[in-house]
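What follows is a short report on a single structure.
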Amino acid sequence: MKDGHTQGRCLCGEVRYEATGPTGEMWYCHCPGCRKASGVGFGTWIEAADLRWLSGRDCVTQFAASPGITRAFCSQCGTVLPARRAAGGVLLPAGGLENVGGQRPCGHASAEARLPWLPPLDADLPVRRVSCADETSSGASQEAVAEGLARGGCLCGAIAYEVKQPLAAMRVCHCSRCRRRSGSSWFVGLTCAPGTLRFLRGEAGIVRWHMPGTRFYVVSFCGTCGSAAPAVLPRATFFSAGCLDNDPGARALCHIYYGSRAPWVEVRDSLPRFGEFAPPDFNWQASRP
Ligand SMILES: [Zn+2]
Ligand SMILES: [Zn+2]
Ligand SMILES: [Zn+2]
């Protein structure tokens, strides 16, 4: 436990906040809400008694995803912001914090809802009985999807899409931008071939934010719930793996920007790890390593 002054901010810099009082445990949550809000398949939270918004209050958009928790995100850049629990206390998104120190996650909430095709994560940690919403964990409900398709969508249900399998180029990105946006430990992205994505609904509800000073860094998210959404760019379409509801037919191929990884991350898989982006000769076409 650490005394106060734990601060965080969103990726665009508008929203800044500070925990008031001591912070508590850090843990992962794999519930469907955390899976989609983060876009990476799980939330990485640090408990705190309360918080104070230091700036950007106008950009804080709240979404009451379930009776137990009110989530929040930056309306400008889509960054996951602290969530408020109905039972009291707040959850700080670890990826958005400036000063986590040497703290490490202590367990997995909603562990049974974990998506088996996502990269492994601290398998040795114990299961926590209670999830982010102060609910006893329940398994993810997954709709049946036609053969050869993967379906995805946002937490509020406004956005839904289908894409032909296999998707490609799944990688774990540890860069500080992706981490801050997801509020979690890393980002898991993948791409689809041109013309293979079909929106079922809600494309008009997608907000896009192009990070100033970068050529290609675009965040796409649902304007209602903040969940990551597909980014349809001229060169390719990018997905957040945590927003897909069934197996995309691809597995992670490598870790990129591993040199920027979060201080609590301990990767134990055997995938290649690159300090920055993958080298030019890296084979992104493989769908399964
Ligand atoms: Zn922002
Ligand atoms: Zn959760
Ligand atoms: Zn939504």
Side-chain angles (χ1 to χ4, degrees), residues 8-17 27-47 53-86 91-94 96 105 107-115 127-140 152-161 177 180-184 199-212 217 219-230 240 242-243:
R9 67 171 174 86
C10 70
L11 191 52
C12 77
E14 280 296 316
V15 182
R16 292 172 186 274
Y17 52 88
W27 38 273
Y28 301 121
C29 185
H30 302 266
C31 79
C34 287
R35 178 154 65 81
K36 295 208 168 186
S38 69
V40 306
F42 60 96
T44 307
W45 298 113
I46 295 179
E47 296 172 350
W53 299 106
L54 301 174
S55 71
R57 193 73 202 261
D58 290 351
C59 290
V60 179
T61 304
Q62 293 187 317
F63 177 67
S66 78
I69 187 167
T70 300
R71 297 174 188 273
F73 62 96
C74 172
S75 59
Q76 189 162 292
C77 69
T79 294
V80 172
L81 296 172
R84 192 166 288 279
R85 304 171 99 173
L91 295 176
L92 307 173
H108 296 278
S110 292
E112 73 298 325
R114 213 164 154 160
L115 300 177
V127 167
R128 289 174 60 92
R129 200 178 56 81
V130 173
S131 76
C132 64
D134 293 310
E135 288 159 358
T136 302
S137 303
S138 61
C154 69
L155 181 54
C156 75
I159 298 168
Y161 43 89
R177 295 169 186 167
R180 191 176 291 283
R181 142 76 186 116
S182 75
S184 195
F199 278 96
L200 302 173
R201 60 178 180 271
E203 189 179 3
I206 297 177
V207 178
R208 286 186 184 82
W209 178 71
H210 182 173
M211 188 172 189
Y217 202 88
V219 180
S220 284
F221 58 98
C222 171
T224 302
C225 70
S227 299
S240 299
C243 292

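Every number for a ligand or one of its atoms is a count from 1 in the order of the listing. Position 1 is the first residue of the sequence; numbering continues from there.
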- Under 3.5 Å, is there a donor-acceptor pair between the side chain of Arg180 and the main chain of Gly96? yes
- Does Ser240 reach the main-chain N or O of Gly242 with its side chain, forming a donor-acceptor pair under 3.5 Å? no
- Message: Can you classify the ring geometry of Tyr28 versus Phe42 as parallel (below 30°), tilted (30 to 60°) or perpendicular (above 60°)?
- Response: perpendicular
- Message: So which atom in Phe73 and which in Cys225 form the shortest heavy-atom distance, rounded to 0.1 Å?
- Response: CE2-C, 3.4 Å
- Message: Strictly distance-based, threshold 3.5 Å: is any side-chain N or O of Arg181 a donor or acceptor partner for the main-chain N or O of Gly78?
- Response: yes
- Message: Give me the number of protein N, O or S atoms whose distance to the Zn ion (ligand 2) is under 2.8 Å.
- Response: 4
- Query: Which distance, rounded to the nearest 0.5 Å, do you find between the NE2 of His30 and the SG of Cys132?
  - Reply: 11.0 Å
- Task: Sum up the protein N, O or S atoms located under 2.8 Å from the Zn ion (ligand 3).
- Result: 4
- Where do Ser75 and Asp58 come nearest, in terms of heavy atoms and distance? OG-O, 4.5 Å
- Item | Backbone of Cys74 reached by a side-chain donor or acceptor of Thr79 within 3.5 Å | no
- Query: Once rounded to 10 degrees, what value does the angle at the Zn ion (ligand 1) take between SG (Cys12) and SG (Cys77)?
  - Reply: 110°
- Spell out, as yes or no, whether a donor-acceptor pair under 3.5 Å connects the side chain of Ser220 to the backbone of Arg208. no
- Item | Short N/O/S contact of Cys59 with the Zn ion (ligand 1) (below 2.8 Å) | no
- Query: Under the side-chain hydrogen bond (donor to acceptor under 3.5 Å, both in side chains) criterion, do Thr44 and Ser184 qualify, and how do the steps go?
  - Reply: CA-CA 5 Å; Thr44 307; Ser184 195; 2.9 Å; yes
- Item | Point-to-point distance, once rounded to the nearest 0.5 Å, from OG1 of Thr61 to CZ of Arg71 | 15.0 Å
- To the nearest 10°, how many degrees is the angle Cys74 SG to the Zn ion (ligand 1) to Cys10 SG? 110°
